[in-house]
2 protein chains.
Amino acid sequence: MRQNEIPKVVSRNGNVRRNRQYEKRMHSILKAASYVIARDGFEGASVRDVAAKARINLSGIYYYFTNKDELLYALQHHTFTTLHETLRHRLQSCDTKEARLRAVLDNHFEFFVENMDDLKVCVHEMESLSGKYYREVLAIRRRYYRLVRKIVAENLDGRRHDADLVSLFLYGSLNWVYTWYDAEKNRDVSKLSDQLLKIYLNGIKAS
Amino acid sequence: MRQNEIPKVVSRNGNVRRNRQYEKRMHSILKAASYVIARDGFEGASVRDVAAKARINLSGIYYYFTNKDELLYALQHHTFTTLHETLRHRLQSCDTKEARLRAVLDNHFEFFVENMDDLKVCVHEMESLSGKYYREVLAIRRRYYRLVRKIVAENLDGRRHDADLVSLFLYGSLNWVYTWYDAEKNRDVSKLSDQLLKIYLNGIKAS
DNA sequence: GTATAATTAGAACGAACGTTCGATTTAATT
DNA sequence: AATTAAATCGAACGTTCGTTCTAATTATAC
């Protein structure tokens, strides 16, 4: 039996009698999808490739997901939610506004390093979904962005800056990372937040 | 007769007897391709859609371009070259290093506003080509990046900053614009460079 | 006007794709 | 051990895609 209702993120199987490996299989499919979509793009990625990478039969994919779009939806939904949650958790132990801004950067970079494929799929395939799928992911994305914006705003000299613009510029620097990050060259991840934080707090001016 | 040699950017037709409309047709195909690829992504864009948008028969496309990849190659090659050239030209009338940094931002934003689809196709489809096509575009992209980096570097307090990181962060802010730019909300383009320049020269610190 | 080559048009090819279906196998319950 | 449903599998469907081929048409040169 297979569910075909409105998709949930974690598990779509509401049955009682369920194979113990169900969750693991689901996870391995998502991991494979993340890898293949990050490599080939969503349109370029074939469900067959995802299945092969996950070591499951092609039609097996459709036992866990109703279609290709839902694969991407599940990936983006889960990744953005996790990113947002880890940031919220991290912020609880920050006293100053500077510490909170630093937490935003640390969180994003560290999350990126540990989930490169997933975050790339979130950033690069932002427009690949449509309809309900798109709108739901957009809502989560906005939630995360608003949190970033709030922390940027409290660090701002409001007379000289536009909070939206500053946030979008910072957001751009963060989201662009996947195009140049090199695990060898950038072994020290904290250096990335150090550098970006310095720019936004003090500028780059030569003396 | 049709050419099938190494593609040139401007015109691939070396024949003498040539329809007066040849160049116009070629340009209209590129314009259509830019529109469709920006909308659907390179993999998602069909040559049929490009042909329809350019008001030409499907097989007519293959009279001007040997394959779909070459369409993207021509677009990216031409756009990056132009972007680089306009920046070089602009820099000639800059006296101070601050003026040169400002020129980088002005050039990028103004070029973006006037060639949104083209620049989006350059940024978002960076990985869509492979082999020779990819390497050639990469070379031009690097040339542009190095120019930006040089100007960032001369504005840097080198003891406190890493020129590569700063350049990549700035580059990210610039390239991310296509995801949020709204012609209505951002009528004044110079405000974008103003804001970004302030950040990089003075930071955002609240007093 | 006629010859010649550039350009367009229509139809078709094979390949790859997302998805479905029925049968088979596996695991859990009694 | 028998039963029942979950999970997997192999094969196929219909569609869309990039590309090609040949014939028709148009523009240019003589």
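The structure presented is a predicted model; accordingly, all values stated were derived computationally and were not measured. Below, chain A is the first sequence line, B the second, and so on; all start at residue 1.
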N or O in side chain of B:Y63 less than 4.0 angstrom from C:dT7 OP1/OP2:
yes
To the nearest Å, give me how far apart CZ (A:R25) and C1' (D:dT8) are.
8 Å
By a strict heavy-atom criterion of less than 4.0 Å, which residues belonging to residues 36-61 of chain B are in contact with DNA chain D?
B:A45, B:S46, B:V47, B:R48, B:L58, B:S59
Side chain proximity check, A:Y133 to A:L72, heavy atoms < 4.5 angstrom
no
Validation row: B:F112, B:L83 side chains within 4.5 angstrom (heavy atoms):
no
A:Y62 side chain N/O closer than 4.0 Å to the phosphate oxygens (OP1, OP2) of C:dC21?
no
Check whether any side-chain N or O of B:H124 sits under 3.5 Å from a backbone N or O of A:H124 as a donor-acceptor pair, and report yes or no.
yes
For atom CD of A:Q21 and atom C1' of C:dA28, their distance in whole Å:
14 Å
Charged N to carboxylate O under 4.0 angstrom, A:K185 versus B:D164?
no
Hey, does A:V177 have a side-chain heavy atom less than 4.5 Å from the side chain of A:V123?
no
Heavy atoms, side chains only, cut-off 4.5 Å: are B:K53 and B:R39 in contact?
no
Per B:Y22 side chain, nearest of listed nucleotides D:dT19, D:dT8, C:dT7
C:dT7
Could you tell me how far apart A:D69 (CG) and C:dC17 (P) are, to the nearest whole angstrom?
16 Å
Applying side-chain hydrogen bond (donor to acceptor under 3.5 Å, both in side chains), name anything that partners B:E43, two or more places apart in sequence or on another chain.
none
Five-pair end axes of the helix from C:dG1-D:dC30 to C:dT30-D:dA1, angle between them (10°)
10°
With the side chain counted from C-beta on, respond yes when B:Y171 and B:Y144 share a heavy-atom pair under 4.5 Å apart, and no when they do not.
yes
d(CD, B:E70; P, D:dT19) in whole Å:
10 Å
